[in-house]
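FYI, side chains are in, hydrogens and waters are out, and symmetry mates aren't considered; it's all heavy atoms of this structure. Just so it is clear, the structure is predicted and the values come from calculations on it, not from any experiment. The residues of the chain are indexed from 1 along the displayed sequence.
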Amino acid sequence: MPAPLKILYADDEAGWRELVAFWLKEAGYETRIVSDGKSVMPLAAEFKPDCFLLDHDLGDTTGHAVCEAIKSSADFRDTPVILLTAHAATMHKVIFHFPPDQFIVKSDHPEELILVLVDHLKKKKSA
C-alpha cells in the first residue's frame, strides 16, 4: 500500500483546524497542522508536504505571504498551494504576485476541499 499523501495545513482558528484535520484524516491524508504562518516553512522543511493548505488570515501573517515564501522556495515552488478564506472578496486581492494554485471559500462541507486536493495531487504525481 502506498504511503499517504502529505498535507501541511495552517489556520489560526482552532475550530477550523480540528474540522479540516478530521476531514483530511478521513480522506486518508497524512496531515501536519500549524496555527500560524511563521511555523509553515520550518515544518515544511522537515515534513516535505505534497500540498499546502493555508487559511488566508493566519493571525501573524497572511496565507498569501506564506504562499509567496513557498513559491519562492526551490524545494516547494512546484508544490500545490490551496488558499482557504472565509471571505470570497479577498480572493481578487492576492492573484498577482505568487498566486496560490487554488482558492476555496471556507464551508462546513468537505466535498469541494477534498475534490480540489485530489485534483491537484493527481496533477503533481503525474508531473
Side-chain angles (χ1 to χ4, degrees):
M1 188 165 145
L5 293 169
K6 299 192 260 183
I7 310 292
L8 196 160
Y9 173 47
D11 198 315
D12 65 325
E13 294 182 45
W16 278 108
R17 287 193 306 269
E18 291 172 18
L19 184 60
V20 173
F22 174 76
W23 293 341
L24 296 174
K25 180 180 178 186
E26 288 295 305
Y29 296 110
E30 182 180 347
T31 307
R32 296 292 183 275
I33 300 170
V34 295
S35 60
D36 56 46
K38 71 178 184 285
S39 301
V40 171
M41 294 307 287
L43 180 57
E46 172 191 323
F47 181 55
K48 306 284 191 250
D50 296 299
C51 184
F52 292 88
L53 185 57
L54 309 172
D55 183 34
H56 181 263
D57 182 3
L58 292 170
D60 64 337
T61 188
T62 65
H64 185 255
V66 176
C67 179
E68 183 175 346
I70 293 166
K71 295 297 185 181
S72 296
S73 164
D75 292 333
F76 299 110
R77 76 175 50 135
D78 296 324
T79 303
V81 176
I82 299 168
L83 195 67
L84 295 170
T85 182
H87 309 287
T90 63
M91 291 183 196
H92 75 279
K93 297 177 185 176
V94 296
I95 60 172
F96 294 107
H97 305 288
F98 302 100
D101 295 280
Q102 184 90 34
F103 288 104
I104 299 176
V105 176
K106 283 184 173 181
S107 158
D108 58 357
H109 301 287
E111 295 83 11
E112 180 182 12
L113 173 61
I114 299 304
L115 287 172
V116 167
L117 283 170
V118 166
D119 184 54
H120 282 284
L121 291 167
K122 182 172 51 175
K123 288 176 189 172
K124 181 179 165 80
K125 284 179 87 173
S126 66

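For the residue pair Ala44 and Pro49, the shortest heavy atom distance occurs at O-CD, 3.6 Å. Minimum interatomic distance between Ala45 and Phe76 (heavy atoms only, all atoms of both residues): N-CZ, 4.1 Å. Across all non-hydrogen atoms, the minimal contact from Ala10 to Val40 is CB-CG2, 3.7 Å. Across every non-hydrogen atom of Gly28 and Pro4, the tightest pair is O-CB, 3.2 Å. When all heavy atoms are compared, the tightest approach of Gly63 to Leu54 is O-CD1, 3.5 Å. Across all their heavy atoms, Leu84 and Tyr9 have their closest contact at CD1-CE1, 3.8 Å.
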Show your reasoning for whether side chain to side chain contact (heavy atoms under 4.5 Å, CB included) applies to Cys51 and Leu5.
CA-CA 8 Å; Cys51 184; Leu5 293 169; over 6 Å; no
Stepwise side chain to side chain contact (heavy atoms under 4.5 Å, CB included) check, Glu30 with Phe47
CA-CA 10 Å; Glu30 182 180 347; Phe47 181 55; 3.5 Å; yes
Determine whether Ser107 and Glu112 satisfy the following criterion, side chain to side chain contact (heavy atoms under 4.5 Å, CB included), listing intermediate values before the conclusion.
CA-CA 9 Å; Ser107 158; Glu112 180 182 12; 5.8 Å; no
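Taking CZ of Arg17 as the start and OG1 of Thr31 as the end, the distance is 14.0 Å to the nearest 0.5 Å. Annotation: the span from Ile114 atom CD1 to Asp119 atom CG amounts to 13.0 Å, rounded to 0.5 Å. Note that CD of Glu18 and CH2 of Trp23 are 12.5 Å apart. Values are rounded to the nearest 0.5 Å. Here the straight-line distance linking atom OG1 of Thr79 with atom CG of Leu121 works out to 10.0 Å at 0.5 Å rounding. Taking CG from Asp11 and CG from Asp36, the interatomic distance works out to 11.0 Å, rounded to the nearest 0.5 Å. Residue Ser39 holds its OG atom at 14.0 Å from CZ of Arg32, rounded to the nearest 0.5 Å.
The side chain to side chain contact (heavy atoms under 4.5 Å, CB included) with Ile7 is formed by just one residue from the set Leu117, Val20, Asp50; it is Leu117.
The 12-atom threshold is not exceeded at CZ of Phe22, counting heavy atoms of other residues, nucleotides or ligands nearer than 6.0 Å. Few gaps surround NZ on Lys48; more than 12 heavy atoms of other groups in view lie less than 6.0 Å from it.
No donor-acceptor distance shorter than 3.5 angstrom exists from the side chain of Lys38 to the backbone of Asp60, with no hydrogens or angles considered. Remark: side-chain polar atoms of Asp101 are paired, donor with acceptor, to backbone N or O of Val81 under 3.5 angstrom. Under a 3.5 Å cut-off, the side chain of Lys71 and the backbone N or O of Val66 do not form any donor-acceptor pair.
The residues Asp55 and Lys106 are annotated as salt-bridged, a charged nitrogen and a carboxylate oxygen being separated by less than 4.0 angstrom.
Linking ILVMFWY side-chain heavy atoms closer than 4.5 Å, directly or via other members, places Leu53 and Leu115 in two distinct hydrophobic clusters.
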